[in-house]
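In what follows, a structure is listed as structure tokens, so that the remarks can point back to it.
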Amino acid sequence: QVQLVESGGGLVQAGGSLRLSCVSSRLTFSSYAVGWFRQPPGKDREFVAVISWSGGRTYNTNSVKGRFTISRDNAENTVYLQMNSLKPEDTAVYYCAADRTSSTLIRSPEYWGQGTQVTVSS
């Protein structure tokens, strides 16, 4: 069973931009905190960003602050991750995740997507 579906990944040169999208046909995002994790090749999965169920609060990890923006469109049941000024170290599989609260999502999300590959070349 697929809970979340990501799209928008691809190959981009350093300094470029991508926008990732996360949708769900089963979960109503207005009831959940939704966030993004990533797993670089050969490394552990790491938290990237989260947006609260109300959309009123967001948190980005330090490595992406000022470059990535998480947002949501509850009417479309979609969460986005706008990624600007991409760096080669941003290369990873990016996963969408959902949980009832931001704090529990960061620790261990209840729901996961399959991931979308983002590759940033020099």
With clusters defined by side-chain heavy atoms of hydrophobic residues (ILVMFWY) lying less than 4.5 Å apart, directly or transitively, does Tyr111 cluster with Leu81? yes
If the condition is side chain to side chain donor-acceptor pair (under 3.5 Å), which residues does [X] pass it with, not counting sequence neighbours?
X: Ser7; result: none
X: Ser121; result: none
X: Gln39; result: none
X: Asn62; result: Lys65

Just say parallel, tilted or perpendicular for the rings of Phe47 and Tyr59, cut-offs at 30° and 60°. parallel
List for me each residue that meets side chain to side chain contact (heavy atoms under 4.5 Å, CB included) alongside Gln117, sequence neighbours excluded, and say none if there are none. Thr91, Val93, Thr119
Applying disulfide bond (SG atoms under 2.5 Å apart) as the test, list every pair that has at least one member in residues 21-50; sequence neighbours left out. Cys22-Cys96
Identify whether the distance between the nearest side-chain nitrogen and carboxylate oxygen of Asp90 and Arg67 falls below 4.0 Å. yes
Ion pair present between Glu46 and Arg38, side-chain N to carboxylate O less than 4.0 angstrom? yes
Using atom types as modelled and distance alone, determine if a side-chain donor or acceptor of [X] lies under 3.5 Å from a backbone N or O of [Y].
X: Asn84; Y: Gly15; result: no
X: Thr28; Y: Ser31; result: no
X: Asn77; Y: Phe29; result: yes

For Asn60 and Ile70, what are the C-alpha separation, side-chain angles and deciding distance, and is it a side chain to side chain contact (heavy atoms under 4.5 Å, CB included)? CA-CA 8 Å; Asn60 297 343; Ile70 188 169; 4.0 Å; yes
